[in-house]
Amino acid sequence: MSDKISNAGMDAKRSVIYLIQMLITAAVPLALLPLITRFITPELFGMYAIAQAISTIFVGITGIGLVETMERNYYDHKHDKKELASLIIGNILVMTILFIGIGILLSTIVKWSSGAIVDQVIDPFLFFVVFIGVFITSINTMLMFVARNEGKAIRIATISITTSLLNASIVVYGLLYTELGVYSLGYGILIANLVALILYFGLFAKECGWHINYLITFRAIGRGIWLLPRTLAGGLNTQLDKIIINIIGNTAAVGIYAIGQRLAYGIFLVMNALQHVFAPRLYTFMLDKNKEDNGQRVGHYLTVYFYLVAAIGTLAVTLSGVLIAIIAPEIYSGSELVFIVLTLMYVNMFFGKVAGPQMLLNYKTKIITIQAYIYLLLNIIIMIPSTYYWGIYGAAIGAMMAGTINTIISIWLGQKQYHIKWPIKKLVYIYIVFIFFLATRLLMTVTEVNYITEVLHIATALMTIIIIGKFIGILNVENIKILLNKSK
């Protein structure tokens with residue numbers, strides 16, 4: 001019983017740390033948006049978004065599944081520091097070699113085309129700056145997985161906040177005091193993530209040393225390589241909306257869409273922050289074969305986190321009008337509907353976050369790969385016609401529909417590998433509240449409403465979230481005491 005209380009207390013403390021980190025790292029980019037939208041035109045911001053999209057796809061290839069399988073591989077080597085160091089250093093070396101090779105190939109293509117093709121879509125120099133920054137981010141993600149599973153919440157939060165503030169400082173300086181313009185966004189992501197890499201790897205090397213074991217490296221490659229097709233498909237799935245908008249529309253439309261997407265992405269950041277807490281415990285539960293009620297324990301344990309994600313999503317959509325009015329000038333009009341629709345997609349993705357570890361538990365990488373291509377096919381089939389007929393709104397609706405169908409498939413596949421007994425009634429209550437306020441906010445965006453109605457809508461949403469939390473037993477005295485508990 002004491003272990004259960006101790007674990008609950010530690011989870012609560014980590015939740016507080018990660019939520020503080022999430023609030024800061026989500027608030028800083030949002031605070032930058034009014035500056036970005038006033039100094040950078042939709043066309044140039046769209047060019048930056050396309051550079052990020054293409055970089056993400058190619059960086060995914062350099063990872064050959066090593067980042068995706070890192071968390072599972074960690075549990076095979078966590079008890080031996082030398083083996084863990086060999087796993088990390090080997091992965092970094094392999095990824096760096098592939099990154100250099102792909103970088104040379106891309107630069108050759110750009111030079112061969114004399115910029116005739118590339119310059120019509122993105123600036124080559126901006127692309128390579130972003131490309132390097134995104135690659136460094138992928139290495140940081142791998143190192144963060146290790147820190148997360150070792151319970152180093154303060155380390156992750158400190159480095160994440162430092163990275164976010166440094167990135168913001170570079171962008172602000174570049175926009176206000178230089179002529180860098182959109183390039184300041186690229187320099188921000190590159191320099192800030194380079195500093196994060198030095199911090200993450202320096203601390204890791206201090207604790208585990210420098211070791212290399214080629215057998216461990218080749219074993220990791222063997223497990224990860226099966227995920228390479230999935231990684232490629234996954235990169236396309238996350239970036240396809242912007243690529244399709246650019247093909248059917250123009251870079252200005254991409255820029256407007258990207259602003260709405262950035263706002264909605266805050267929900268995804270919430271899930272990432274909470275995942276730092278529940279992912280290690282989730283693997284611990286699933287790998288414990290001695291307790292028959294683990295599936296039910298996992299279901300009740302994760303419901304608390306879904307409530308938090310849905311609650312923040314509900315408040316976000318009710319505040320969407322206020323946020324857009326503050327952040328975006330008239331030339332970015334249209335981003336609010338994108339924001340609302342994509343918020344629905346990101347909230348639904350919570351269950352996909354859970355299904356991933358379920359399928360990786362037994363290294364079912366082939367299933368994950370097949371599913372990724374089904375998702376890609378769904379995106380193409382749904383998003384192209386919806387974007388063609390309804391522009392950026394159609395792209396958002398298409399992305400949401402394809403993402404939701406994929407999440408349903410993920411749940412089904414995950415449950416076949418490890419059955420979680422979800423408290424269905426509680427989930428339904430939470431989801432109804434979220435959908436109701438999202439639908440009413442959508443209605444308000446297409447009708448004339450006064451200031452009082454806006455305030456009442458926000459207040460009602462907040463009260464309903466609290467009431468439903470108390471009704472289903474999540475917001476109670478015991479949980480609040482655990483959250484506020486400072487003792488070990």
Side-chain angles (χ1 to χ4, degrees), residues 47-48 50-70 73 84-115 117-119 121-146 163 167 170 183 185-202 204-205 208 210-236 238-239 243:
M47 186 178 290
Y48 171 74
I50 292 294
Q52 274 195 314
I54 298 174
S55 296
T56 300
I57 294 168
F58 281 108
V59 167
I61 297 173
T62 68
I64 59 170
L66 295 176
V67 178
E68 288 78 2
T69 55
M70 179 62 229
N73 287 332
L84 187 58
S86 296
L87 176 66
I88 292 293
I89 294 173
N91 285 1
I92 292 174
L93 285 174
V94 171
M95 290 170 64
T96 302
I97 292 169
L98 289 171
F99 168 74
I100 293 170
I102 290 175
I104 293 171
L105 177 63
L106 290 174
S107 63
T108 304
I109 292 172
V110 170
K111 187 178 292 185
W112 172 76
S113 67
S114 299
I117 298 173
V118 179
D119 286 346
V121 182
I122 54 174
D123 179 272
F125 182 74
L126 175 64
F127 167 72
F128 280 107
V129 169
V130 173
F131 180 48
I132 297 169
V134 173
F135 171 70
I136 295 172
T137 302
S138 70
I139 296 179
N140 290 341
T141 300
M142 190 165 56
L143 291 165
M144 181 272 295
F145 283 159
V146 175
T163 304
N167 184 12
I170 294 167
Y183 294 103
L185 301 178
Y187 286 126
I189 190 174
L190 171 59
I191 297 171
N193 280 286
L194 183 59
V195 171
L197 175 61
I198 293 169
L199 293 173
Y200 267 128
F201 189 77
F204 174 81
C208 297
W210 293 70
H211 304 280
I212 187 71
N213 183 318
Y214 294 108
L215 182 62
I216 291 175
T217 301
F218 287 131
R219 188 183 297 128
I221 293 172
R223 289 172 174 176
I225 196 71
W226 291 103
L227 278 179
L228 178 56
R230 184 266 178 195
T231 303
L232 178 59
L236 286 169
T238 57
Q239 308 300 329
I243 294 172

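For Phe201, the ring pair (Phe, Tyr, Trp, His ring centres under 6.0 Å) criterion is met by Trp210, not counting sequence neighbours. With sequence neighbours excluded, the residues satisfying side-chain contact (heavy atoms from CB on, under 4.5 Å) with Phe125 are Asp123, Val129, Tyr183, Tyr187. Shown here are the side-chain contact (heavy atoms from CB on, under 4.5 Å) partners of Leu93, two or more places apart in sequence or in another chain: Ile89, Ile212. A search for side-chain contact (heavy atoms from CB on, under 4.5 Å) contacts involving Ala192 returns Thr163, Leu166, Asn167, not counting sequence neighbours.
Residues Gln52 and Ile189 form a side-chain contact, since some pair of their non-hydrogen atoms from C-beta on lies under 4.5 Å apart. Proximity of Val130 to Phe127: side-chain heavy atoms (C-beta onward) are nowhere separated by under 4.5 Å. Using a 4.5 Å heavy-atom threshold, the side chains of Leu236 and Ile57 count as touching. Counting heavy atoms from C-beta outward, Ile50 and Met47 have side chains that stay 4.5 Å or more apart. Side chains of Phe128 and Leu106 form a contact here, defined as non-hydrogen atoms less than 4.5 Å apart.
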Is there a side chain to side chain contact (heavy atoms under 4.5 Å, CB included) between Ile216 and Arg219? Walk through the geometry before answering. CA-CA 5 Å; Ile216 291 175; Arg219 188 183 297 128; 4.2 Å; yes
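In terms of heavy atoms, Ala85 sits closest to Cys208 at CB-O, 3.8 Å. Between Thr62 and Phe99, the closest heavy-atom pair is CG2-CA, 3.6 Å. Nearest heavy atom pair, residue Leu66 against residue Ala220, reads CD2-O, 3.6 Å.
Heavy-atom contacts from other residues, nucleotides or ligands closer than 6.0 Å to CZ of Phe204 number more than 12.
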Enumerate, atom names and distances included, each donor-acceptor pair closer than 3.5 Å involving a side-chain atom of residues 131-145, sequence neighbours excluded.
| from | atom 1 | to | atom 2 | distance (Å) |
| --- | --- | --- | --- | --- |
| Thr137 | OG1 | Gly133 | O | 2.8 |
| Thr137 | OG1 | Asn193 | OD1 | 3.3 |
| Thr137 | OG1 | Asn193 | ND2 | 3.4 |
| Ser138 | OG | Phe135 | O | 2.6 |
| Asn140 | OD1 | Leu197 | N | 3.4 |
| Asn140 | ND2 | Asn193 | O | 3.1 |
| Thr141 | OG1 | Thr137 | O | 2.9 |

